[in-house]
Amino acid sequence: MPDGLRGLGVSPGVGAGPVRLIAGAVPEPPVGDRHQGDADAETARAVGALEAVAADLEDRGAKAGGEARDVLSAQAMMARDPGLAELAGQKITEGSSAPRAVHEAFGVFRGLLAGAGDYLAGRVADLDDIRDRAVAELLGLPMPGVPESDEPFVLVARDLAPADTALLDPAKVVAFVTEEGGPTSHTAILARSMGVPAVVACPGCTGLAEGTVVLVDGGSGQVRPDPSGEEIVRAHAAVAARSAALTATGPGATADGHAVPLLANVGGPRDVAAALAHGAEGVGLFRTEFLFLDRTAPPGEEEQVAAYRAVLEAFPYVVVRTLDAGADKPLAFLPVTGEEPNPALGERGLRMLRRHPEVLEGQLRALAGAARDLPVELLVMAPMVADAGEARDFAAACRAAGIGRAGVMIEIPAAALRARDLAAEVDFFSLGTNDLAQYAFAADRQVGALSRLQDPWQPALLDLVALTAEGAAGTPCGVCGEAAGDPALACVLTGLGVTSLSMSPPALPAVRAALAAHTTDQCRRAATAARAAHDADTARQGARAELPGLSALGL
Ligand code: PEP
Ligand code: MG
């Protein structure tokens with residue numbers, strides 16, 4: 001066991017607790033895998049595994065209660081289906097090993113469900129989950145998916161997919177640690193929005209034994225196994241002292257009174273309370289994918305209206321992003337057309353919606369309907385816009401749906417370079433620095449080994465931000481990528497001409513304090529110093545030298 005591990009701290013704070021691992025995918029038992037000769041014993045093993053999985057699902061359902069209990073007991077019933085055990089038994093009689101026989105038996109059931117209409121096809125994922133659990137049980141592997149735990153824990157995984165994290169109980173997770181991922185990966189974004197400390201790109205973390213207590217420092221990126229009680233207390237005290245220093249409230253502004261609205265990034269109604277608690281002036285990025293994940297058909301317009309309304313009625317100003325499907329956010333009902341060797345460069349975001357205009361039109365109608373009679377100012381923007389023609393078409397679709405203010409995210413370098421052309425077509429810009437960095441540096445944001453290239457302090461990224469703000473020529477130009485939540489970088493972005501900042505809610509107090517401690521002139525000087533640097537580290541140091549208020553605030 002290593003003394004300590006180090007990764008990239010992407011969500012500040014400290015957390016200590018026992019490790020719970022999310023197991024990787026359960027491997028398919030090899031074709032032709034055969035048992036030793038005792039078919040009866042092997043059949044008993046298969047039946048026993050199915051029963052163990054059913055009992056476990058039922059048990060978890062009973063603990064969870066509510067809707068989860070119904071879903072899990074339906075899954076338990078599938079595992080106990082006598083047809084399944086019979087089919088597996090037949091395959092074992094023909095010589096197959098129990099894991100292979102179970103895998104193949106599920107395959108037959110899967111084929112039947114997949115061809116049986118939309119509702120049943122939606123259950124295929126449940127069936128796959130039961131199959132993986134039964135095979136894991138037989139092979140002695142850890143159970144797949146988010147682990148169950150009665151006590152708070154540190155979640156350790158290779159990486160987290162949006163579908164895993166949708167099921168997380170935020171009260172149970174004290175920290176995240178992943179091997180993969182960078183500062184803009186989903187794990188990092190989720191952790192920041194939950195206010196949970198997180199370390200990503202941490203080699204060796206999945207080698208930590210289940211149950212080992214670790215101390216995770218989401219600022220420094222350190223992960224310490226078996227910390228002393230005193231170390232844990234000290235780490236918590238340091239974090240508490242820092243957050244006590246950040247008590248300012250009210251709208252965002254620099255020391256000389258230049259207003260910079262401070263907005264929240266939200267992923268659905270469950271983030272509203274945190275955004276309000278941290279004093280968000282509105283929402284600068286409402287990621288709408290949450291409603292579409294894990295579905296085989298798009299949600300109906302009424303369901304969409306209800307979900308959007310829960311956010312729109314909480315704030316005076318909300319920027320909604322239309323569905324950003326594809327690549328790292330795959331949706332079952334919007335499959336890509338052909339092979340995509342490079343999904344991040346494929347059909348995602350607005351490109352996907354241009355191929356499925358009915359999905360875009362439905363979402364825009366639902367948004368207009370949700371805002372009706374509310375005092376909210378609704379703005380709608382499209383992700384992954386490449387050029388002025390796409391911006392024009394999107395703005396026209398918004399107008400046709402009765403949405404007054406249409407904008408685009410600037411996350412493709414081509415759009416930043418030609419910001420002036422795009423500004424002529426829309427009412428506002430929002431810089432998605434997570435993807436803008438990914439595409440500017442040709443570095444997949446999910447790949448931990450490339451996290452250096454995802455650093456938002458890279459001068460080339462700052463140049464693209466500056467070009468966009470300049471090309472906007474009076475069109476409001478905010479930032480909603482993770483860069484906006486870094487207090488020093490928030491000052492730099494303001495100095496580059498960005499007009500609003502949207503971030504994970506827990507980041508708001510530190511950014512508010514950093515802006516209030518510096519004048520617009522200081523922000524401009526910090527921006528000039530950062531752009532004059534030749535790499536991210538010197539850009540950060542150069543900017544900080546112009547922002548003396550940061551260290552006074554402990555930032
Ligand atoms: C971005 O790319 O910066 C952004 C805000 O969008 P997402 O992280 O959801 O891709
Ligand atoms: Mg993006």
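- For the pair Thr187/Asp159, a side-chain contact is recorded, criterion being any heavy-atom separation below 4.5 Å from C-beta on.
- The number of heavy atoms from other shown groups lying within 6.0 Å of CD (Glu302) does not exceed 12.
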Would Gln438 and Asp435 satisfy side chain to side chain contact (heavy atoms under 4.5 Å, CB included), going step by step from the backbone distance to the final call?
CA-CA 5 Å; Gln438 160 164 266; Asp435 277 313; 3.0 Å; yes
Side chain to side chain contact (heavy atoms under 4.5 Å, CB included), that's the test. Do Leu431 and Cys477 meet it? Break it down for me.
CA-CA 7 Å; Leu431 277 149; Cys477 175; 3.8 Å; yes
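- Without hydrogens or angle criteria, Tyr439 side chain to Ala344 main chain gives a donor-acceptor distance under 3.5 Å.
- Partners of Arg192 by salt bridge (Lys or Arg N to Asp or Glu O under 4.0 Å), not counting sequence neighbours, listed by chain and number: Glu482.
- Side-chain contact, Gln454 with Thr184: a donor N or O sits under 3.5 Å from an acceptor N or O.
- A donor-acceptor pair is defined here as one N or O able to donate and one able to accept, closer than 3.5 Å; such a pair exists between the side chain of Arg309 and the backbone of Arg372.
- Residues Ala264 and Ala275 come closest through the heavy atom pair CB-CB, 3.6 Å.
- Of all non-hydrogen atoms in Ala423 and Gly471, the two that sit nearest each other are CB-O, 3.9 Å.
- Here the closest heavy-atom approach between residue Phe290 and residue Ala307 is recorded as CZ-CB, 3.9 Å.
- Here the side chain of Glu347 pairs no donor or acceptor atom with the backbone of Met352 at under 3.5 angstrom.
- Among residues two or more places apart in sequence or in another chain, the salt bridge (Lys or Arg N to Asp or Glu O under 4.0 Å) test is passed with Glu58 by Arg80.
- Side-chain contact between Phe153 and Val173: present, with at least one pair of heavy atoms (C-beta onward) separated by less than 4.5 Å.
- Annotation for Leu453 and Gln458: closest pair CA-NE2, 3.9 Å, computed over non-hydrogen atoms.
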Throw together a table of side-chain donor-acceptor distances under 3.5 angstrom for residues 395-409, partners on residues two or more places apart or in other chains.
{"unit_1": "Arg405", "atom_1": "NH1", "unit_2": "Glu377", "atom_2": "OE2", "d": "2.3"}

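- For Arg418, the CZ atom counts as loosely surrounded, since its 6.0 Å shell holds 12 or fewer non-hydrogen atoms of other residues, nucleotides or ligands.
- Annotation: the span from Phe286 atom CZ to Leu379 atom CG amounts to 14.0 Å, rounded to 0.5 Å.
- Contact of the Leu493 side chain with the Thr433 side chain is not registered, since no non-hydrogen atoms from C-beta on lie closer than 4.5 Å.
- Closest non-hydrogen pair, Ser502 versus Asn265, comes out as OG-OD1, 2.6 Å.
- No salt bridge links Asp271 with Arg287; every basic N to acidic carboxylate O contact stays at or beyond 4.0 Å.
- Of the possible polar contacts, none joining the Ser193 side chain to the Ser504 backbone as a donor-acceptor pair under 3.5 Å is found.
- One finds a salt bridge joining Glu289 and Arg321 here, because a Lys/Arg side-chain nitrogen approaches an Asp/Glu carboxylate oxygen to under 4.0 Å.
- Annotation: side chain of Phe315 is in contact with side chain of Val272 (closest heavy-atom distance under 4.5 Å).
- For the atom pair CE of Met381 and CG of Asp427, the computed distance is 13.5 Å after rounding to the nearest 0.5 Å.
- Under a 3.5 Å cut-off, the side chain of Asp387 and the backbone N or O of Glu390 do form a donor-acceptor pair.
- Side chain of Glu180 to main chain of Gly448: a donor-acceptor pair is present (N/O by atom type, distance under 3.5 Å, no hydrogens or angles).
- For the pair Cys480 and Ser430, the tightest heavy-atom approach, listed with the atom from each and the gap, is SG-OG, 3.2 Å.
- Looking at heavy atoms from C-beta onward, Leu262 lies in side-chain contact with Leu515 at the 4.5 angstrom threshold.
- Between the side chain of Asp486 and the backbone N or O of Leu489, at least one donor-acceptor pair lies under 3.5 Å.
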Going through the checks in order, is the side chain to side chain contact (heavy atoms under 4.5 Å, CB included) test met by Phe106 and Val135?
CA-CA 11 Å; Phe106 272 98; Val135 171; over 6 Å; no
Step by step, would you call Val380 with Phe394 a side chain to side chain contact (heavy atoms under 4.5 Å, CB included)?
CA-CA 10 Å; Val380 180; Phe394 180 74; 4.0 Å; yes
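- Side-chain contact check for Gln304 versus Phe292: some heavy-atom pair is nearer than 4.5 Å.
- The local environment of CZ in Arg354 is crowded, with over 12 non-hydrogen atoms from other residues, nucleotides or ligands closer than 6.0 Å.
- With a 4.5 Å cut-off on side-chain heavy atoms, Val319 and Phe428 count as touching.
- With hydrogens and angles disregarded, no donor-acceptor distance shorter than 3.5 Å links the side chain of Arg512 to the backbone of Gly252.
- Residue Leu360 is tested with Leu323, Leu353, Asp393 for a side-chain contact (heavy atoms from CB on, under 4.5 Å); the sole match is Leu353.
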Mind running side chain to side chain donor-acceptor pair (under 3.5 Å) on Gln363 and Thr322 for me, showing each step along the way?
CA-CA 7 Å; Gln363 191 176 23; Thr322 55; 4.7 Å; no
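- Here the side chains of Pro509 and His278 are in contact, with some heavy-atom distance below 4.5 Å.
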